[in-house]
Amino acid sequence: MGRLAQTDGLTEIQRDILATVRDFVDKEIIPVATELEHKDEYPAAIVEGMKQLGLFGLTIPEEYGGLGESLLTYALVVEEIARGWMSVSGIVNTHFIVAHMINAHGTQEQKEYFLPRMAAGEIRGAFSMSEPGLGSDVSAISTKGVKDGDFYVLNGQKMWLTNGGTSTLVAVLCKTDEGASTPYRNMTTFLIEKTAGFGPNPTVPGLTVPGKIEKMGYKGVDTTELVLQDVRIPADRILGGVPGKGFYQMMDGVEVGRVNVAARGCGVARRAFELGISYAQQRSTFGKKIAEHQAIQFKLAEMATKVEAAHQMMVMAARKKDSGERNDLEAGMAKYLASEYCKEVVEDAFRIHGGYGFSKEYEIERLYREAPMLLIGEGTAEIQKMIVGRRLLEEYRISE
Ligand SMILES: Cc1cc2nc3c(=O)[nH]c(=O)nc-3n(C[C@H](O)[C@H](O)[C@H](O)COP(=O)(O)OP(=O)(O)OC[C@H]3O[C@@H](n4cnc5c(N)ncnc54)[C@H](O)[C@@H]3O)c2cc1C
């Protein structure tokens with residue numbers, strides 16, 4: 001596995017889980033990833049394998065049938081999976097976020113109803129905040145939920161749902177009028193159970209998942225819109241049972257999601273480094289292997305330093321959350337650093353490949369199209385810097 005990106009202080013269970021996942025990635029994901037990605041094909045066999053390994057229930061408490069593992073274990077697993085194929089980590093990520101939100105904020109009935117089947121991978125989660133007109137500015141959402149007796153009637157359009165078609169449970173953020181003076185307290189998360197697939201949903205009248213959005217990378221996993229026309233959802237499917245808390249619940253979900261995106265950046269960067277250092281020892285120019293040219297060695301040194309730094313920061317952010325402390329500063333830093341470094345390491349590995357990096361026969365071509373998604377998902381670099389900057393001013397405020 002190499003010297004880079006080691007994690008000190010893991011338990012035996014964590015080491016066993018990681019060894020199993022690493023083996024699964026090497027045998028079941030890497031050999032098929034590029035071919036499936038080029039065909040934009042859903043990795044059904046890989047998903048089945050992940051279900052067997054219990055990965056969909058990795059962080060769900062044991063009392064609900066999961067493995068009860070920490071955010072750190074989850075992030076390290078994601079790093080390994082993304083090293084194989086980033087899209088596969090996307091399939092578990094939205095599921096993990098929704099399970100986290102239900103476990104942290106759901107009613108007892110919601111936990112008992114959803115979590116055991118989520119742990120088994122029978123229910124698969126997606127989450128939906130973004131709309132065609134907004135992503136960063138969540139306060140501007142316009143999808144509305146209006147109370148009607150024991151139901152809410154939902155209308156609006158959502159955008160960019162990862163696993164929008166394949167999921168069977170979507171946590172949807174809507175505007176509800178709670179009479180609060182700030183938009184943040186007028187938002188509610190609804191748990192909508194649906195049938196997997198595209199088009200008008202057969203089990204939820206008024207709910208439509210139009211086809212997949214065509215993307216430059218991050219293929220295989222489906223990303224969709226979601227249209228809601230007079231969708232009636234029982235009031236007991238409000239996450240936590242009480243309206244007006246949706247924004248904060250979603251932000252909590254996105255915060256753990258940020259550590260996850262950082263982990264993905266670490267995994268993709270590590271794979272790019274492995275490809276670069278391997279290729280550099282095979283290709284010769286001017287009478288020697290290109291790895292012997294100092295310029296290429298410098299590139300490899302910079303790449304390895306970035307792989308290591310991003311990994312350690314991601315681990316630190318995960319451990320902070322696991323300790324129960326607030327980790328928005330560290331999660332923002334980790335997501336920002338890991339995604340920027342990932343883009344740079346991938347670019348350097350691409351350059352090391354020369355013209356062959358541009359060929360679809362080489363894995364680096366896929367990584368080159370995948371890395372940019374990490375700059376955007378779970379909040380752009382600018383949004384991370386806003387979060388980090390605000391927190392720094394809280395921490396280092398001078399008295400006037
Ligand atoms: C493949 C993919 C999958 C996704 N999956 C999901 C999902 O599962 N669920 C979901 O809800 N969303 C999802 N998203 C949406 C994603 O979260 C948003 O795309 C992201 O938050 C950015 O929002 P936006 O695209 O509307 O960009 P905008 O918010 O319009 O931003 C455009 C540019 O302006 C910058 N900007 C915005 N505001 C400021 C500011 N105040 N100061 C400085 N710069 C600013 C941004 O950084 C960016 O560079 C996904 C997106 C992609 C591409």
Side-chain angles (χ1 to χ4, degrees), residues 75 78-79 82 86-87 89-90 93-94 96-97 100-101 126-143 157-164 171 173 183-184 187 213-219 221 223-226 246-269 272 306 309-310 313-314 317-318 321 326-347 367-394:
V78 164
E79 183 181 31
M86 193 184 88
S87 295
S89 64
N93 179 44
T94 61
F96 157 76
I97 289 179
H100 169 82
M101 283 165 50
F127 79 97
S128 175
M129 294 190 294
S130 305
E131 296 184 359
L134 66 105
S136 308
D137 184 8
V138 179
S139 69
I141 64 166
S142 61
T143 298
Q157 188 171 351
K158 292 291 189 180
M159 184 74 188
W160 295 120
L161 280 83
T162 302
N163 299 308
L173 189 65
Y184 301 109
M187 290 186 222
I213 298 170
E214 293 292 327
K215 297 165 293 188
M216 68 184 271
Y218 202 38
K219 290 173 187 271
V221 57
T223 309
T224 73
E225 295 169 58
L226 183 78
F247 176 79
Y248 303 97
Q249 295 163 342
M250 282 279 176
M251 287 304 122
D252 182 36
V254 168
E255 200 171 289
V256 290
R258 280 184 184 140
V259 176
N260 168 280
V261 173
R264 284 199 236 177
C266 294
V268 174
K306 288 172 183 172
M313 181 160 258
M314 176 274 287
K321 184 79 178 178
R326 186 174 168 183
N327 87 329
D328 51 351
L329 177 77
E330 291 77 12
M333 284 177 167
K335 197 268 162 179
Y336 168 53
L337 188 91
S339 57
E340 295 291 329
Y341 275 1
C342 174
K343 182 200 66 169
E344 291 168 18
V345 171
V346 168
E347 163 111 31
L367 271 55
Y368 195 85
R369 289 182 289 101
E370 286 175 340
M373 189 270 163
L374 300 172
L375 301 169
I376 306 293
E378 318 294 5
T380 63
E382 288 72 25
I383 297 304
Q384 306 311 316
K385 284 191 260 185
M386 279 164 57
I387 295 167
V388 170
R390 278 185 201 141
R391 281 287 284 123
L392 290 174
L393 287 170
E394 271 176 41

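Since the structure is predicted, the reported quantities are computational estimates derived from the model, not experimental observations.
For the pair Val78/Asn93, no side-chain contact is recorded, criterion being any heavy-atom separation below 4.5 Å from C-beta on. With contacts defined as side-chain heavy-atom distances shorter than 4.5 Å, the pair Met250/Val138 does not qualify.
For the side chain to side chain donor-acceptor pair (under 3.5 Å) test, residues two or more places apart in sequence or in another chain that qualify with Ser87 are Trp85. Glu330 is linked by a salt bridge (charged side-chain N to carboxylate O under 4.0 Å, His left out) to nothing, counting only residues two or more places apart in sequence or in another chain. By the side-chain contact (heavy atoms from CB on, under 4.5 Å) test, Lys321 is found to be paired with Leu71, Asp252, Glu255, Val256, Asn327, residues two or more places apart in sequence or in another chain being considered. Take Tyr218 and apply the ring-ring contact (aromatic ring centres under 6.0 Å, His included) test, not counting sequence neighbours, and it matches no residue. Residues passing the side chain to side chain donor-acceptor pair (under 3.5 Å) test with Lys385, sequence neighbours excluded: none. Scanning for side-chain contact (heavy atoms from CB on, under 4.5 Å) contacts around Tyr184 gives Ser139, Thr182, Met187, Phe247, Tyr248, with sequence neighbours left out. Legend: residues meeting side-chain contact (heavy atoms from CB on, under 4.5 Å) with Glu131, ordered by chain and number and at least two apart, are Leu134, Ile141, Ser142, Thr143, Lys158. Every residue meeting the side chain to side chain donor-acceptor pair (under 3.5 Å) condition with Asn163, not counting sequence neighbours, appears here in chain and number order: Thr94. By the ring-ring contact (aromatic ring centres under 6.0 Å, His included) test, Tyr336 is found to be paired with no residue, residues two or more places apart in sequence or in another chain being considered. With sequence neighbours excluded, the residues satisfying salt bridge (charged side-chain N to carboxylate O under 4.0 Å, His left out) with Lys306 are Glu344. Under the side-chain contact (heavy atoms from CB on, under 4.5 Å) criterion, Arg391 pairs with Arg326, Asp328, Leu329, Glu394, Glu395, sequence neighbours left out.
The distance from atom CD1 of Ile97 to atom CD of Gln249, rounded to the nearest 0.5 Å, is 14.0 Å. If you take CG on Leu161 and OG1 on Thr223, they are separated by 9.0 Å, rounding to the nearest 0.5 Å. The structure places CG of Leu367 at 15.0 Å from NZ of Lys343, a figure rounded to the nearest 0.5 Å. Taken from CE in Met159 to OG1 in Thr224, the straight-line distance is 9.0 Å, to the nearest 0.5 Å. To the nearest 0.5 Å, atom CE of residue Met313 and atom OH of residue Tyr341 are 9.0 Å apart. One finds the CD1 atom of Ile383 at 8.5 Å from the CZ atom of Arg258 (value rounded to the nearest 0.5 Å).
The two atoms that bring Val259 and Ala331 nearest to each other are CG2-CB, 4.0 Å, heavy atoms only. In this structure, Val345 and Ala269 approach most closely via the heavy-atom pair CG1-O, 3.5 Å. Heavy-atom minimum distance, Gln384 versus Gly379: NE2-O, 2.9 Å. Contact between Val388 and Gly332 at its shortest, heavy atoms only, is CG2-C, 3.9 Å. Among all heavy-atom pairs drawn from Ala338 and Cys266, the shortest one is CB-SG, 4.3 Å. For the residue pair Ala317 and Ala334, the shortest heavy atom distance occurs at CB-CB, 4.0 Å.
In this structure a side-chain-to-backbone donor-acceptor pair under 3.5 Å is present from Lys335 to Leu374. Between the side chain of Lys215 and the main chain of Met373, no donor-acceptor pair closer than 3.5 Å is present.
Note on residues 367-379: pairs passing salt bridge (Lys or Arg N to Asp or Glu O under 4.0 Å), not counting sequence neighbours, are Glu37-Arg369, Glu365-Arg369, Arg366-Glu370.
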